[in-house]
Each structure stands twice: as structure tokens, then as C-alpha cells.
Amino acid sequence: MKFKSPPVNSLSLDFITELCISLEKLENNRECRGVIFTSAVPNIFSSGLDITEMCGKSLEHYAEFWRAVQEMWLRLYGSSMVTVAAVNGSSPAGGCLIALSCDYRIMVQNPKFIIGLNEAQLGIVAPFWFKDTFVNTVGHRVAERSLQLGSLHSASEAHKFGLVDELVPEEKLQEKAAAVMAQWLALPDHARQLTKSMMRKAVLDRLVAHREEDVQNFVNFISKESIQKSLRLYMEMLKKKKS
């Protein structure tokens with residue numbers, strides 16, 4: 001599955017909805033046992049959640065958007081398929097979450113590419129299920145420091161503490177992703193699926209049990225004038241960078 005929403009594959013409501021529909025179709029197709037996620041846009045895997053969806057909109061829109069983000073993560077993190085992230089560009093925030101939710105992450109070895117949950121830099125807080133997914137991947141101390149600082153890590157750093165599993169040259173990425181997929185698919189599906197469910201169930205159940213509460217927390221937080229001001233300033237900064 002290739003992400004193609006130029007310029008930066010930002011996770012808009014439309015993008016997330018289409019991703020969820022595509023995942024559902026693949027899950028329902030018994031002949032599809034695995035999926036490799038990568039980007040068709042040069043130098044970017046995904047820039048994360050679309051800030052325009054969280055700024056200057058109605059409370060109803062914020063709630064709808066956040067439910068879609070939850071659905072995306074629940075489907076991806078809980079997928080019965082083998083999921084491999086072939087990260088061929090920078091992947092901050094929600095882009096990092098997509099990669100974290102996969103079974104295996106391969107990233108292109110390029111000093112310009114960065115990955116991490118950098119929400120703190122925007123003045124917002126990564127929700128508990130982002131945090132749980134991150135902690136389960138890199139451990140408590142690395143996650144605590146990285147989340148508080150809103151750190152974006154180079155590919156080498158990310159590999160060092162396990163945020164990504166492997167680094168490869170760009171021209172080898174698809175070949176390596178296919179080889180990893182073949183390795184995982186060589187196992188009996190039922191054993192792998194039950195093991196994955198056992199490992200991830202508690203984290204998934206925690207969001208399912210608190211889903212509406214999480215939506216309300218997001219809406220209350222994102223609609224605060226101080227947060228809206230931070231987001232407006234961040235968008236202005238991005239516009240200046242582009243010009």
C-alpha cells in the first residue's frame with residue numbers, strides 16, 4: 001500500500017477514512033495475508049496528522065476527526081495480517097504512529113530522514129495509546145525522554161534504540177521488505193495471529209474501553225484558545241519555511 005497524498009502525506013480525515021476502508025477490504029480478503037506500507041511521495045513517509053483538521057474547526061469536526069484517528073490505529077495495531085512499514089522518508093508524529101503499529105519497521109539509511117512522536121514541540125500531548133505503543137516498542141525510559149522533548153530521531157538513532165528494526169539503502173528497501181514479509185508468512189497464520197493478539201490485546205482494549213472519554217479529552221484540549229494559538233503559530237512557521 002503506497003501513501004500518495006502530496007505534498008507530505010498528511011493524515012487528513014479523507015486520507016484516514018480511505019486508509020481504514022482499504023485495510024478493511026484487505027482484512028476481508030482471505031488471499032491477502034500481509035501488507036507493506038510505503039510512500040509514493042519522495043522523502044516523506046507521512047508528516048502525521050493534518051493540522052488543518054485540528055485548527056479553526058467546530059467541536060463536532062474535532063470529534064469526528066479523532067474517532068477516525070482512533071479507528072485507524074485500532075485497525076492497524078490489531079490487524080491479523082503481517083504488517084511491514086517500509087519507511088522511505090521522514091515520519092514524524094502520526095506518521096511515526098503508523099510505523100510503530102506495524103509488526104516490523106525498515107527505514108532508509110539517510111541522514112536527512114527523521115522519525116519520532118514530536119507532539120510536544122507543537123504544544124500538544126501524545127494521547128495514552130500513542131504513548132503505550134511507543135513504550136512497548138522502545139521501553140519506558142527512552143519513550144519518556146523522547147515524548148517529553150518531542151524528539152525527532154535520525155534513522156541511525158531510531159535503529160539504535162529499536163524504534164526501527166533495520167536500516168537499508170533506498171534501492172534495497174522494497175527487496176528487503178518483501179524478504180521480511182516472506183519470513184513472517186512462512187509461519188502458520190493462526191499461531192502468529194494468536195501470539196500478536198496476546199501481545200497487543202491489553203493496549204487495544206484500553207482504548208476501546210475509554211474511546212468516548214478519549215474523544216472528549218481530545219476535543220476539550222484541542223479547542224482551548226492557547227492550543228489553537230500554538231497550532232496557528234506552527235502553521236505560520238511552516239508557511240514561512242515553504243516560501
Side-chain angles (χ1 to χ4, degrees), residues 1-5 9 11-40 45-46 48-49 65-88 91 93-107 115 117 126-138 162-166 173-174 176-211 214-215:
M1 189 185 292
K2 284 190 174 182
F3 302 148
K4 191 176 182 182
S5 183
N9 288 337
L11 303 176
S12 64
L13 183 56
D14 286 346
F15 184 105
I16 292 168
T17 303
E18 194 171 328
L19 177 56
C20 288
I21 291 168
S22 299
L23 280 172
E24 186 176 19
K25 284 179 181 173
L26 293 176
E27 290 279 2
N28 291 334
N29 179 356
R30 291 194 173 184
E31 291 183 7
C32 182
R33 298 168 60 214
V35 58
I36 295 168
F37 297 95
T38 194
S39 171
F45 182 70
S46 169
L49 301 182
F65 177 64
W66 200 245
R67 285 190 189 98
V69 178
Q70 291 176 333
E71 184 66 23
M72 176 188 75
W73 177 76
L74 289 168
R75 283 191 179 280
L76 188 51
Y77 198 63
S79 176
S80 62
M81 299 182 290
V82 176
T83 52
V84 174
V87 182
N88 55 341
S91 194
C96 179
L97 181 73
I98 288 177
L100 282 169
S101 301
C102 291
D103 296 311
Y104 200 84
R105 288 163 291 286
I106 310 161
M107 190 168 181
I115 186 169
L117 295 177
F128 71 85
W129 41 285
F130 281 51
K131 180 268 296 178
D132 288 346
T133 313
F134 199 38
V135 169
N136 286 351
T137 305
V138 301
L163 177 52
V164 295
D165 297 299
E166 208 165 336
L173 180 64
Q174 293 307 318
K176 187 65 194 182
V180 167
M181 181 62 74
Q183 181 189 3
W184 284 63
L185 290 179
L187 288 119
D189 280 347
H190 68 280
R192 180 191 53 74
Q193 289 166 352
L194 286 170
T195 304
K196 181 175 181 176
S197 176
M198 177 176 64
M199 296 297 294
R200 298 188 172 196
K201 188 175 186 301
V203 179
L204 289 160
D205 286 351
R206 192 174 168 209
L207 176 59
V208 171
H210 299 282
R211 202 164 173 182
D214 182 60
V215 169

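Reckoned from all heavy atoms, side chains included, excluding hydrogens, waters and symmetry mates. Throughout, numbering of the chain's residues begins at 1 and tracks the sequence.
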Mind running side chain to side chain contact (heavy atoms under 4.5 Å, CB included) on Ile115 and Arg105 for me, showing each step along the way? CA-CA 12 Å; Ile115 186 169; Arg105 288 163 291 286; 5.7 Å; no

Between the main-chain N or O of Ile106 and the side-chain N or O of Asp165, is there a donor-acceptor pair closer than 3.5 Å? no

Measure the spacing between CD1 of Ile36 and NZ of Lys2 and express it to the nearest 0.5 Å. 11.0 Å

Indicate yes or no: at least one non-hydrogen side-chain atom of Lys196 is less than 4.5 angstrom from one of Ser80. no

Using side chain to side chain contact (heavy atoms under 4.5 Å, CB included), reason through Asn9 and Phe45 one step at a time and then give a plain yes or no. CA-CA 7 Å; Asn9 288 337; Phe45 182 70; over 6 Å; no

For residues 14-24, please give each side-chain donor-acceptor pair under 3.5 Å, one per line with the distance, not counting sequence neighbours.
| residue | atom | partner | partner atom | Å |
| --- | --- | --- | --- | --- |
| Thr17 | OG1 | Leu13 | O | 2.7 |
| Ser22 | OG | Glu18 | O | 2.9 |

Evaluate the criterion side chain to side chain contact (heavy atoms under 4.5 Å, CB included) for residue pair Leu49 and Trp66; output intermediate values, then yes/no. CA-CA 10 Å; Leu49 301 182; Trp66 200 245; 3.7 Å; yes

Ignoring hydrogens and angles, tell me if any N or O in the side chain of Arg206 forms a donor-acceptor pair with the backbone of Trp129 under 3.5 Å. no

Who passes salt bridge (Lys or Arg N to Asp or Glu O under 4.0 Å) against Glu166, sequence neighbours left out? Lys176

Residues Leu207, Asp132; criterion side chain to side chain contact (heavy atoms under 4.5 Å, CB included); working and verdict: CA-CA 10 Å; Leu207 176 59; Asp132 288 346; over 6 Å; no

Mind checking the CZ-OG spacing from Phe3 to Ser91? Nearest 0.5 Å is all I need. 8.5 Å

Interatomic distance, CG@Leu97 vs CE@Met72, rounded to 0.5 Å, equals 5.5 Å

Can you tell me how far CG of Asp205 sits from CZ of Arg200, rounded to the nearest 0.5 angstrom? 13.5 Å

How would you list, by chain and number, every residue that makes a salt bridge (Lys or Arg N to Asp or Glu O under 4.0 Å) with Arg67, sequence neighbours excluded? Glu212

To the closest 0.5 Å, what do you measure between CZ (Phe130) and SG (Cys96)? 9.5 Å

Ser5: side-chain hydrogen bond (donor to acceptor under 3.5 Å, both in side chains) partners, not counting sequence neighbours: none

Residues 81-88, side-chain donor-acceptor partners within the protein, below 3.5 Å, at least two apart:
| residue | atom | partner | partner atom | Å |
| --- | --- | --- | --- | --- |
| Thr83 | OG1 | Asp103 | N | 3.0 |
| Thr83 | OG1 | Asp103 | OD2 | 3.2 |
| Asn88 | OD1 | Thr38 | OG1 | 3.3 |
| Asn88 | OD1 | Ser39 | N | 3.2 |
| Asn88 | ND2 | Thr38 | OG1 | 3.3 |
| Asn88 | ND2 | Ser39 | O | 2.9 |

To check you understand the geometry: which heavy-atom pair defines the closest contact between Trp73 and Ser101, and what is its length? CD1-OG, 3.2 Å

Min side-chain heavy-atom separation Ile98-Leu11 under 4.5 Å: yes

I need the full list of side-chain hydrogen bond (donor to acceptor under 3.5 Å, both in side chains) pairs touching residues 183-194, with sequence neighbours left out, sorted by first then second residue. Arg33-Asp189

